[in-house]
Amino acid sequence: METRPFETKHLDKWKSNLDSCIRCGYCYEHCPVFKDTRWESDAPRAKMIMIYGLLSGKLEPSAYISDKISSCFYCQRCVAACSSGVPLTDIITDAKRDFQGTEFETPGTTSVTNTDCALCLACVRACPHEAREFINGKIVTDTVKCQSCGICVDICPNQAVATHLSYGTDRSSLNQEIGTFLDKDNAKAIVFGCNWSYYPDLQSSVMDPTEDPEYKILINMCGGRLEKPLLLEPLLQNAWGVLVACCPDGDCEHDGNVKAKTHVAALRELLKEMDIDEDRIQLVQIAHGDKTGFQASIDTFMEKINELGPLNNR
Amino acid sequence: MEKIDVPRLINIVGEDNVKTDPADLYIYGSDSSVHSARPWVVVRPGNTEQVQAIMAFANEEKIPVITRGGGSGMCGQTVPVKGGITLDMKRMNRILEINPSDVFCRVQPGVVDDDLNHALKPFGVFYPPTPASSRIATIGGEIGNNASGVRSVKYGATRDSVLGMKVVLPDGSLVTLGARTRVEATGYQLHKLIVGSEGTLGVVVEATLSFVPIPKFRCLGMANFDRLEDAGQAIADIMASGVVPSMLELVDSVAIKAVNKTMDLGLPEVEAVLLYEADAMVKEAVDHEINAMQQVCKKHGGTGLTSSYDAAERAKIFMGRKKLFPALSKFSDVLSSTSLADDMAVPYSKMAETARTIHEIAERNNIIMTAYGHCGSGCMHTKILMEPTRQDQWESARTAVAEIYEYVRSVKGTTSAEHGIGISKASAFKAEKSDSLDLMRNIKKAFDPNNILNPGKLMDAHEDWVTATDLRYTIA
Ligand SMILES: Cc1cc2nc3c(=O)[nH]c(=O)nc-3n(C[C@H](O)[C@H](O)[C@H](O)COP(=O)(O)OP(=O)(O)OC[C@H]3O[C@@H](n4cnc5c(N)ncnc54)[C@H](O)[C@@H]3O)c2cc1C
Ligand code: SF4
Ligand code: SF4
Ligand code: SF4
């Protein structure tokens, strides 16, 4: 494919913003990419440093850098945490623009379509960011527009959509975490929390397993990308319950909460049909940043689950 | 990249825990300071044995090793001036034990301060040194810098909360320092020496920390002063009156302007604002302390006195202080907030004069500086707002920094209260500690005869911080 040379055309305007970044690192804490690898190179601050390096000529463009910069779920947690008002995601998008079409362009966390695609165009219609297009008989993702929300991954009936890099947010990683946790003695429930709610848990550290927690919070990028089988998986593995946390109505940029609500409602129906208490799957809507509210919801849920007892009791 | 046996390091920690891409080296070459350099390789040990093996290898080959926590140091402590191995400790992030009956906890060095406090909360206790950067600062980095924070006026700095530690020495051997008890008089307290040593003596692989009960009542108050001197006098009087504030913060006019300009908080445009807090298990005790502090403020012309026990209300009062960093960064489109002359401590009676002198020095040198800080512990912070792309501004900054620390020494203050020395405060540090530098060099030699741990810092740092490393800004 024809490529164009890399130029910092869109990035140029951000020079002074990047000087105002005090490199405090406050943007790391909740970044799902950093939290997954725990390499500083995957933290939002590193993205800014790399972009600074490109602008100042101290770094040569590379596919490695492009991949790091294109690995972003647009959860905006870094923007909210930034102590200097640096518009990180706008800068990241412009960096992606400058990489687009060059020999270095990489998909990062954006979605890719494989050969199993049946061309049903469901994903094209579902993409909330108009990032999927049907071009020359193929579905193509615009890596600049794509915000890695994963809606297309969930909607594809043929499982033909995937992300090249998922940083622990994909189905198989989450499934694995579910399995590992539920193997523990005291494990009872899985809480799916979206990266938007300031989840009340340790961020970068871990407790040694002296205490056996009853539930585990698994962070995903958006309630909307939790497929039904994944939500059901904990119950199949004998968990006592599943709690799904998503944004309040109207707050989700990808309308993922609408989908999460539909999924959970359908699963509750299913449980009822199977003569299982439907309250074993619940959904709560948590306002952005409401750590206390999230913890309170978890506590109420756990109270209910403990009342219901193990799943084989029904 | 310099010649270094990367496969040997991969052998120790595994391929997934070694980075050599130029982008990684560039990222790991800076921290929150103005400095920038590049390591040859970044390595992430997962346990003590791996740290030991890396150190033994580095010592044998005489390769510099820079231990790194969150990389939030403000003076270039983790900038690898002489290249070498950056040892990223963030993988050693386990809280190993919380022991409420013996009042200590054991943690690995990569545990983040906020996480530790989150884990301690259910036990009704907290780890108090907590710097403002607690959301990313690691216990290892806090030990390295002897970090402290807003509540250190009552609860002390990191050094006061560290009971003991396990340390890997440059030759790869492991030593256990300190104890698990509240008091210890068993020979040299070497763990206290490691605190504040900025990664130059050993690699901390485990720390035993004490904690204190979370007080049931906290009350935060505020007072405005038309004259900086009056606020300064109020600070000195409060500290001399026998009151024990749990927080006593000063915010100057530049900071107030910045906050008002960018956040529209509508703070009164006075010369200084004092924020004071008291905490205790019974409300009467808090009332007593708050009243006493308000009386002192009144006596010195403090106005607009407000106070509150309510958490939400306290957060509102504290907002201006909390949002100071963003406010300073957004002060102007062309000015950047640089971490220079960032921290110092002076006797209480010199607080106001120090703030005034900082403003005068800034004006004389064509830069903007603000003065604020945990004045209850004698700590004063500044930031230099300047155009970092202009060479002449760096000349001004160099002069201003030198003048400020000369003044600090003249009033018997000290170069750093909590951010440490690193590269950018090294010349001031050397001037202040001139008669004990040789002793410090000998101690360094006893721990690290090959000078592999964080070389080019403290006593070993370049005389001129401006040219000691690349600056992380692009200068026209
Ligand atoms: C916005 C902002 C606000 C800040 N506020 C405060 C404040 O209020 N109070 C304060 O004290 N500081 C403050 N700091 C400075 C800094 O964040 C703290 O000193 C913090 O403790 C550094 O922690 P870190 O994990 O980032 O350490 P790093 O910067 O990674 O390292 C600091 C030093 O410790 C050494 N070190 C790290 N880990 C180890 C280890 N395992 N063994 C031996 N040595 C080690 C390093 O070599 C280095 O010399 C602030 C910084 C920023 C950016
Ligand atoms: S938007 Fe989210 S995923 Fe992207 S860099 Fe910021 S915190 Fe990380
Ligand atoms: S929080 Fe903002 S100022 Fe701090 S490192 Fe991240 S982008 Fe820079
Ligand atoms: S649905 Fe989401 S992940 Fe898929 S292309 Fe659109 S923005 Fe990207």
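Numbers restart at 1 for each chain; the letters A, B, ... are given by sequence-line order, proteins then strands.
The shortest distance between side-chain heavy atoms of B:I95 and A:V206 does not fall below 4.5 Å. Proximity of A:W39 to B:D24: side-chain heavy atoms (C-beta onward) are nowhere separated by under 4.5 Å. The shortest distance between side-chain heavy atoms of B:H118 and A:Q203 does not fall below 4.5 Å.
Heavy atoms closer than 4.5 Å to chain A are found in both the backbone and the side chain of B:K19. Both the backbone and the side chain of B:R472 have a heavy atom closer than 4.5 Å to some heavy atom of chain A. For B:V42, the parts lying under 4.5 angstrom from a heavy atom of chain A are both the backbone and the side chain. The contact between B:T389 and chain A is made entirely by side chain atoms (from C-beta outward), counting heavy-atom distances below 4.5 Å. Of the two parts of B:S133, the backbone and the side chain both hold a non-hydrogen atom closer than 4.5 Å to a non-hydrogen atom of chain A. No part of B:L335 comes within reach of chain A, as not one of its non-hydrogen atoms sits under 4.5 angstrom from that chain.
Atoms CG and OG, from B:N93 and A:S205 in turn, are 5.5 Å apart once rounded to the nearest 0.5 Å. Here B:S337 contributes atom OG and A:D19 contributes atom CG; the two are 11.5 Å apart, rounded to the nearest 0.5 Å. Atom CG of residue B:D115 and atom CG of residue A:L202 lie 4.5 Å apart, to the nearest 0.5 angstrom. Separating the CG atom in A:D208 from the CZ atom in B:R106 is a distance of 8.0 Å, to the nearest 0.5 Å. For the atom pair CG (B:D21) and OG (A:S62), the distance works out to 5.5 Å, reported to the nearest 0.5 Å. Taking OH of B:Y473 as the reference point, atom CG of A:L18 lies at 11.5 Å (rounded to 0.5 Å).
Counting heavy-atom neighbours within 6.0 Å of B:K261 NZ, excluding the residue itself, gives a total above 12. Counting heavy-atom neighbours within 6.0 Å of A:D183 CG, excluding the residue itself, gives a total above 12. Annotation for B:K121: atom NZ does not count as buried by contact number, only 12 or fewer foreign heavy atoms lying within 6.0 Å. By the 6.0 Å contact criterion, CD on A:Q176 is open, its count of non-hydrogen atoms from other residues, nucleotides or ligands being 12 or less.
Within residues 21-38 of chain A, the residues that have a heavy atom under 4.5 Å from a heavy atom of chain B are A:C21, A:I22, A:R23, A:C24, A:G25, A:Y26, A:Y28, A:E29, A:F34, A:T37, A:R38, listed by number. For residues 41-58 of chain A, a heavy-atom distance under 4.5 Å to chain B picks out A:S41, A:R45, A:A46, A:I49, A:M50, A:Y52, A:G53, A:S56, A:K58, given by residue number.
Of all non-hydrogen atoms in A:S204 and B:V112, the two that sit nearest each other are CB-CG2, 3.6 Å. B:P22 and A:L59 get closest at one heavy-atom pair: O-CD2, 3.8 Å. When every heavy atom of A:M207 is checked against every heavy atom of B:A119, the shortest pair comes out as SD-CB, 3.9 Å. Residues B:S336 and A:S20 come closest through the heavy atom pair OG-N, 4.0 Å.
Note: B:G71 leads B:P388, B:G71, B:G73 in heavy-atom pairs under 4.5 Å with chain A. Chain A forms more heavy-atom pairs under 4.5 Å with one residue of B:M74, B:K90, B:R44 than with any other, namely B:R44.
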